[in-house]
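Inspection log for the structure reproduced underneath, given as structure tokens.
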Amino acid sequence: MLVRSCLLFALLGYVASFEPPTTLSPMTSPTVTPPAAACSVLVVADLSSAGASWHVEHTLVRATVAGIFDGAKHRSFPTQVAFWRYSSGPDADGPLPTAFGTDYYSVPIRFEDKGGDLSVANATASINNWSVTNSVIAIFTSSNKNQIVAAGQNYLRKALTVGISDTQDASPFAAVVLHEHDTNMISDAILDMCKTLIQQK
């Protein structure tokens with residue numbers, strides 16, 4: 001009888017070892033916040049002979065780049081900037097960049113080797129073949145009306161372009177048009193276009 005009781009208790013203990021626990025700890029997954037999408041901006045300067053004052057343009061371009069980074073601090077997305085210029089051709093201007101700076105001091109702004117007969121039409125033709133896509137483009141220009149019209153005829157990136165000219169209407173090649181003296185508005189317009197671009201991704 002004693003042996004039978006011991007066997008019964010042993011069997012009950014063996015079965016109990018396979019029973020699920022009465023309470024289960026809930027499974028929790030870590031919360032991961034994806035990084036904000038970055039906005040890439042190409043700032044393009046006109047260093048051709050059409051420029052009235054390269055010193056003024058140099059100041060405007062630098063103020064624009066600084067304004068982009070300063071304004072981005074108050075936005076919900078990081079921003080990176082590259083610089084390119086058009087003047088007399090590839091030897092002076094170099095290729096369109098593929099690397100972007102993440103702060104003001106990491107953007108190389110070159111204003112040497114000024115002069116040349118290239119217009120904004122040459123610039124937009126080059127930008128059409130740029131390997132970087134989905135970038136906001138800010139183009140400063142001193143080109144005349146006919147050259148600006150020509151620039152817009154076959155330009156493929158008008159929807160992402162801010163055009164800046166003090167003498168002409170840049171709307172043939174730009175979705176947003178500003179004058180050079182609107183220095184406080186240029187970087188804001190670029191960042192507004194960045195916001196729209198990111199929301200579309």
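No hydrogens, no waters, no symmetry mates; every other heavy atom, side chains included, goes into these values.
E180 approaches I186 most closely through the heavy-atom pair O-CD1, 4.2 Å. Across N128 and N154, no two heavy atoms sit closer than the pair ND2-O, 2.9 Å. The two residues L118 and G89 make their nearest non-hydrogen contact at CD1-N, 3.4 Å.
Donor-acceptor pairing under 3.5 Å is recorded for the side chains of Y155 and T161. With hydrogens and angles left out, the side-chain atoms of T102 and Q80 include no donor and acceptor closer than 3.5 Å.
Applying side chain to side chain contact (heavy atoms under 4.5 Å, CB included) to I109 and the options T64, V81, V61 leaves one that passes, V61.
To the nearest 0.5 angstrom, D93 atom CG is 8.5 Å from D113 atom CG. With rounding to the nearest 0.5 Å, the separation of OG in S143 from CD1 in I148 is 6.0 Å. Distance check: I127 CD1 to N122 CG gives 11.0 Å after rounding to the nearest 0.5 Å. To the nearest 0.5 Å, atom CD1 of residue I68 and atom CZ of residue R75 are 11.0 Å apart.
Of the possible polar contacts, one joining the E57 side chain to the D46 backbone as a donor-acceptor pair under 3.5 Å is found.
Within the structure, no pair that satisfies the salt bridge (charged side-chain N to carboxylate O under 4.0 Å, His left out) test touches residues 158-176, not counting sequence neighbours.
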How far apart are the C-alpha atoms of Y86 and S119, what are their side-chain angles, what is the distance that settles it, and do they pass the side chain to side chain donor-acceptor pair (under 3.5 Å) test?
CA-CA 8 Å; Y86 59 98; S119 73; over 6 Å; no

